[in-house]
Amino acid sequence: MALSKDELKAAILEKAEKSPKPQLYIKDFYACDPETKPRDIKNVANDLVKEGKMMFWSSGSTTMYALKHRIKNEEGSEGI
Amino acid sequence: MAKHETPLLDQLESGPWPSFVTDLKRQAETKPECWDILGQLELSYEERITHWKHGGIVGVFGYGGGIVGRYSDLPKRFPGVEHFHTIRVAQPASKYYSTKNLRQLMDLWEKYGSGMTNFHGSTGDIILLGTRTENLEPFFWDLTHDMGQDLGGSGSNLRTPANCIGQSRCEWACYDTEAVCHAMTLKYQDEIHRPAFPYKFKFKFSGCPNDCVAAIARSDIAVIGTWKDQIRIDQAAVKEYIAGNYPSNGGAHSGRDWGKFDIEKEVVALCPTQCMWMEGGELKIDDTECTRCMHCINVMPRALRPGADTGATICVGAKAPILDGAQFATLIIPFMKMSADNEFEELVEFIEKIWDWWMEIGKNRERVGETMQRLGLPAFLKVMEVEPIPQHVKEPRSNPYVFWSDEEVPGGFERDVVEFRARHAA
Amino acid sequence: MGYNPDKPMDGRISDLGPPHYEQFFPAVIKENKGKWLWHEILQPGVLMHKSETGAEVYTVRVGGARLVSVEFIREVCDIADKHCDGFLRFTTRNNIEFMVDSKAKVQPLLDELASRGNKFPVGGTGAGVTNIVHTQGWVHCHTPATDASGVVKAVMDELFDYFTSMTLPAQCRIALACCLNMCGAVHASDIAILGVHRKPPMIDHLRITGVCELPLAIASCPLGAVKPAKAVVDGKEIKSVQVNVERCMFCGNCYTMCPAMPLADPEGDGIAILVGGKVSNRISMPKFSKLVIPFLPNTTPRWPETVAAVKKIVEAYSKDAHKYERVGEWAERIGWEKFFEKCDIPFTMKSIDDYRLAYDTWRTSTQFKYTSHIK
């Protein structure tokens with residue numbers, strides 16, 4: 001059975017926290033619940049951004065997700 | 001007073017073409033940071049290398065697209081461009097503007113930015129070039145509240161869709177490119193502003209096969225106008241062209257003496273399918289052989305028009321060369337009606353079917369055209385539930401390596417080697 | 001009222017999209033949308049569209065830099081206010097179009113444009129060279145191998161007469177991209193000016209741990225030239241990468257993924273010229289541009305080698321092609337060996353494809369022409 005929205009949010013945050021790299025692609029979160037459609041996982045990840053729990057990180061051509069405390073400075077020099 | 005000497009850039013102020021250097025210098029009188037743009041650029045001209053760093057975390061809250069971060073690698077020397085972020089503002093369909101609207105946007109940009117812009121970026125957005133991180137939120141507030149306007153796309157998002165001028169000022173547009181482009185842009189605001197995809201995704205809408213927005217070369221979904229019925233002919237106007245009373249190609253060749261217009265040589269003989277001929281002073285077309293290349297219509301716009309049963313051809317998967325080489329979009333749907341009455345339902349269904357598949361299967365930083373290449377056109381057609389037709393290929397395959405599956409071969413793939421050996425000694 | 005940093009979410013508006021296009025239509029456009037019958041280019045840069053209602057719209061097309069200031073846009077607005085009831089539009093190729101609803105209003109508009117120095121060149125229609133679409137270059141980009149605005153200015157100064165006239169066999173579309181990422185659609189242009197790198201990336205071992213995701217940097221290389229490696233920083237061994245330079249094709253994709261792998265270089269970087277692409281389906285199918293000059297140096301500020309190469313191609317094409325023939329159609333008709341000869345471009349080992357699917361471009365026929373290449 002697919003995870004509830006709250007369970008999915010928790011799984012995404014856990015993944016973002018425990019991942020060795022600070023920034024994650026949206027695809028990295030698909031594994032949080034293989035039974036939820038990618039577009040629904042994207043929507044939940046974006047809800048977490050709206051709630052201020054995650055942030056977007058962009059190189060200009062690629063956009064990724066990150067937890068704020070794992071990104072050290074604005075230029076992302078601790079990230080990619 | 002010039003803040004930096006720019007002897008190299010100064011050499012780009014002469015000549016008949018408008019000079020961006022002259023323009024930058026004029027703007028520097030009221031926006032001194034433009035001196036640092038000039039100064040850093042002059043240094044790049046001296047050293048023949050860029051002085052901009054990679055992107056970073058910039059954006060307005062809740063958006064993952066619309067702003068591209070940029071920082072100078074010499075911030076002490078050029079403090080005016082220490083932060084030099086780009087804001088992409090979504091352009092209206094066909095890029096018509098009122099001066100009231102443009103002036104208001106320019107006032108905003110004078111207040112919050114460097115004073116420099118691009119009209120427009122390659123994808124189609126208005127590009128506001130160069131601002132500091134702390135200006136982003138106030139700018140966005142004023143843009144949305146005072147102007148009712150919004151940012152475009154960047155990153156792994158749906159990029160701001162773009163369209164040709166369409167029916168607003170072109171007689172050849174086979175559907176209302178403005179209406180579709182605007183409707184799709186509004187429908188997919190979430191996909192434009194928040195990352196949704198393995199990589200960028202573009203829609204472009206051209207009204208006819210002349211393809212003035214280059215949809216087939218650079219969009220993941222290219223919607224290109226076409227028709228099903230006959231080219232509409234005005235035989236009286238054909239005679240005017242033959243008589244030399246109307247200029248060929250709408251006057252596009254009037255700068256040189258190409259001799260008297262010769263319909264046999266310039267229209268009939270150049271038709272790629274040889275589907276036209278002259279008979280009793282009239283131009284005849286076998287429309288069943290026509291591939292709608294537009295040549296005859298382009299040459300004689302007053303005599304020929306596209307048919308009246310119009311729609312669009314949908315091609316998928318164009319991209320620039322990075323990494324495996326450039327791709328044009330591949331024809332998938334030969335003809336689709338484009339009707340605002342059902343909110344372009346058929347197109348929407350097509351788009352979302354691609355997304356559902358690509359979001360799951362596409363690798364990071366892989367355009368949909370590359371995913372199609374990796375998995376093959378047959379696999380893509382199956383996903384799209386499209387029956388294969390000869391129109392999907394330029395020519396049949398020349399290799400015999402057909403991937404048959406277990407179910408397709410009588411008896412299946414499971415066989416008994418012991419039983420085989422009983423009849424065939426090793 | 002305005003943005004309050006203490007309460008960023010209060011009253012926030014998002015996802016409005018672009019304004020509706022119709023409010024920006026000049027009256028004659030609004031009234032005649034979908035009713036246009038035919039058009040004619042009256043003189044270079046001036047178009048007339050005729051509606052079935054009998055209405056006419058006259059469009060004056062003006063070229064210029066894509067990089068423009070707030071002051072410049074205000075000047076454009078002044079002109080549109082005075083002559084065009086406060087409306088205007090931009091084309092896909094960065095031209096500005098001023099529209100008026102009667103022939104009598106055209107000349108005063110042209111006079112106004114001409115009175116403002118060289119800021120508003122009228123042209124870019126029909127069988128000529130229209131505005132060059134281009135990318136950012138050294139003005140804003142972090143990965144360029146050349147500038148964009150300066151090269152375009154230098155080339156357009158030289159091709160100016162082709163912008164203001166209609167003397168070519170067909171339209172000639174020129175585009176510039178300042179690196180292989182090709183933010184513009186230069187891969188399907190009659191003439192493409194493309195920034196290229198020629199030196200493999202350097203590895204900044206000091207920074208790589210902080211700024212790069214090593215597996216992503218390794219995976220970014222289309223030829224597998226980036227490999228994991230150990231490096232020593234401050235006496236400590238760290239995980240880093242190395243580049244097999246013999247495999248590097250200088251695409252810069254690794255630098256896009258990993259800022260600790262810069263490859264730009266004053267001597268290494270420059271321009272390649274590609275020709276014969278097109279987007280339109282007219283007569284022949286859309287075509288990719290083909291690389292004919294592998295490298296020209298970044299000679300600032302006016303890129304004389306690039307300007308001369310582009311001009312030579314345009315002039316050879318102008319002299320030799322048939323009416324309606326695009327550059328690529330011309331080259332295919334006369335044969336690429338003739339193209340190299342007529343344009344006086346040296347054919348070298350670099351002109352032969354050795355990337356993937358290269359075989360598709362090798363000649364597998366006895367049909368060829370005897371040119372100066374055959375000694």
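All heavy atoms count here, side chains included; hydrogens, waters and symmetry mates do not. Just so it is clear: chains get the letters A, B, ... in the order the sequence lines come, proteins before strands, and each one is counted from 1.
Note on B/His51, B/Met294, B/Gln149, B/Glu134: by heavy-atom pairs under 4.5 Å with chain C, the leading option is B/Gln149. Your options are C/Lys33, C/Lys278, C/Met48, and the one with the most heavy-atom pairs under 4.5 Å with chain B is C/Lys33. Of the residues considered (B/Asn249, B/Ile37, B/Leu186), B/Asn249 shows the highest number of contacts with chain C, using heavy-atom pairs under 4.5 Å. Heavy-atom pairs under 4.5 Å with chain B were tallied for C/Pro297, C/Pro144, C/Ala80; the largest tally goes to C/Pro144. Counting heavy-atom pairs under 4.5 Å between each of C/Phe90, C/Tyr255, C/Phe160, C/Phe87 and chain B puts C/Phe90 at the top. For the set C/Gly126, C/Ala65, C/Pro266, the count of heavy-atom pairs under 4.5 angstrom toward chain B peaks at C/Pro266. When the candidates C/Val279, C/Asp157, C/Thr299 are compared by the number of heavy-atom contacts under 4.5 Å with chain B, C/Asp157 comes out ahead. Here C/His140 is the residue among C/Lys119, C/Glu97, C/His49, C/His140 with the most heavy-atom pairs under 4.5 Å with chain B. Heavy-atom pairs under 4.5 Å with chain C peak, among B/Pro138, B/Pro272, B/Cys208, B/Pro301, at B/Pro138. By number of non-hydrogen pairs under 4.5 angstrom with chain C, the leading residue of B/Val299, B/Asp142, B/Asn364 is B/Val299. Interface summary for chain C: among B/Pro16, B/Gly148, B/Pro247, the most heavy-atom pairs under 4.5 angstrom belong to B/Pro16.
Note that B/Arg70 lies outside the cation-pi zone of B/Trp52, set by a 6.0 Å cut-off to the ring centre and a 45° limit from the axis.
In this structure, chain B has no heavy atom under 4.5 Å from any part of C/Thr146. For B/Val89, no part sits under 4.5 Å from any heavy atom of chain C, backbone or side chain. Neither the backbone nor the side chain of B/Ala173 comes within contact range of chain C; no heavy atom of the residue lies under 4.5 Å from a heavy atom of that chain. If you measure heavy-atom distances from B/Leu129 to chain C, the contacts under 4.5 Å come from the side chain alone. For B/Cys170, the part lying near chain C is the backbone, with the side chain staying farther off; criterion is any non-hydrogen pair under 4.5 Å. Contact annotation for B/Asp146: neither backbone nor side-chain heavy atoms come within less than 4.5 Å of a heavy atom of chain C.
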(request) Take B/Phe139 and C/Tyr3, measure what ring pair (Phe, Tyr, Trp, His ring centres under 6.0 Å) needs, and give me the verdict at the end. (result) CA-CA 8 Å; B/Phe139 171 85; C/Tyr3 177 67; over 10 Å; no

